[in-house]
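Here's the structure we're looking at; comments come further down.
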Amino acid sequence: MHADPQSVSGARPIIRVRHACKSFVPFKGRSVEAIRDLTFDVAASDYVAIVGPTGAGKSVLFDCLLGLKTLDSGTIQIDGTQVADYVRRKSGGIARIFQEDRLLPWLSATDNVALGLQIRGVPEKERRAQARDWLEKVGLGRFADALPSELSGGMRQRANIARAFAIRPDIILLDEAFSALDEITAMKLRSDFQTLAHAQKMTFLIITHSIEEAIFLGNRILVFGSPARLVHEIDVPPGAAEDRGLVDSIRAEIRQCISASGRDDIASRQA
Ligand SMILES: Nc1ncnc2c1ncn2[C@@H]1O[C@H](COP(=O)(O)OP(=O)(O)OP(=O)(O)O)[C@@H](O)[C@H]1O
Ligand SMILES: [Mg+2]
């Protein structure tokens, strides 16, 4: 069985989050409210940046979008289907890229990138060919046989990006995927990721603490309060990242609504 690159309906996916609530009750102690009455939509081929205070439930939201955690109440639909049914129906429909790399240290770059295809039963020769192709696309063609320990942090993150694209997901979730890298490496990777995602007509959501990154990658910025709820939304016009004045005014807008929502961690980090 090969991964099916198309959604079952043939339509591009749309994410609909409605009145999502999620709390944790630790073994001892008080319960932690992670998501509170969160409602938003993601249209096909949207590029959505999510910013908000630390501990606001952003990563928990990604767990819920992947079906790894279930909501206490509310709903998440992807491509018109409840999230649990979507992930069952279409394994690999959503890929996630983390801040830290999740490569297996004993596998070559090729075998790491091929892992998702292996899980989906793609024959060895074909999955290795596809993996090498994706390594080429992310600029790691010469390092196909290298072990993760032989790659720099930026190169390892390139391999993670290749691994995410290799399964041809409908949606990619990036959880602070560029924030562990030095700024020069991060800029190049962001730009390369963007080029690939646009070429693949990929819907992506990125959680970031960098307002510059949100403006560069997002066509929409969702500003979360804590617990995760939508406190503000900004449409980012094309080319905004090159307009210093616009970047400053979006930054001020985000700072103001995060401060008004009661938490200003991100505002102070961006000072
Ligand atoms: N499995 C869990 N059990 C108990 N509490 C949890 C669990 N996972 C997350 N939480 C809590 O849920 C809240 C939201 O966590 P989450 O990791 O989503 O924050 P975040 O917005 O991603 O923060 P950051 O920007 O620092 O990554 C936190 O208070 C966290 O401690
Ligand atoms: Mg997080």
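These figures come from a predicted structure and were not determined experimentally. Both ligands and their constituent atoms are indexed starting at 1 by order of listing.
The atoms of ligand 1 that sit less than 4.0 Å from any heavy atom of Glu176 are 25 (O), 27 (O). Heavy-atom proximity to Ala34, at under 4.0 Å, picks out these atoms of ligand 1: 12 (O).
Nearest heavy atom pair, residue Leu65 against residue Val83, reads O-CG2, 3.1 Å. Pairing each heavy atom of Pro148 with each of Pro105, the nearest pair is CD-O, 3.6 Å.
Checked by distance only, ligand 1 and Ala56 come closer than 3.5 Å through their nitrogen or oxygen atoms. The shortest N or O to N or O distance between Lys69 and ligand 1 is not below 3.5 Å. Checking only distances, Gly57 does come within under 3.5 Å of ligand 1, N or O to N or O. By the 3.5 Å distance cut-off applied to N or O atoms, Phe24 is not counted among the residues near ligand 1.
The distance between the ring centers of Phe216 and Tyr47 does not fall below 6.0 angstrom.
The pair Arg36-Asp72 does not count as a salt bridge, with every side-chain nitrogen at least 4.0 angstrom from each carboxylate oxygen. In summary, Asp63 and Lys22 do not engage in a salt bridge, as defined by a charged side-chain N under 4.0 Å from a carboxylate O.
With hydrogens and angles left out, the side-chain atoms of Asp133 and Gln130 include no donor and acceptor closer than 3.5 Å.
Not a single N, O or S atom of Thr54, from either the backbone or the side chain, sits less than 2.8 Å from the Mg ion (ligand 2).
Residue His209 places a heavy atom under 4.0 Å from ligand 1.
Under 4.0 Å from ligand 1, heavy atoms of Thr54 appear from its side chain as well as its backbone.
Rounding to the nearest 0.5 Å places CZ of Phe193 at 4.5 Å from CD1 of Ile172.
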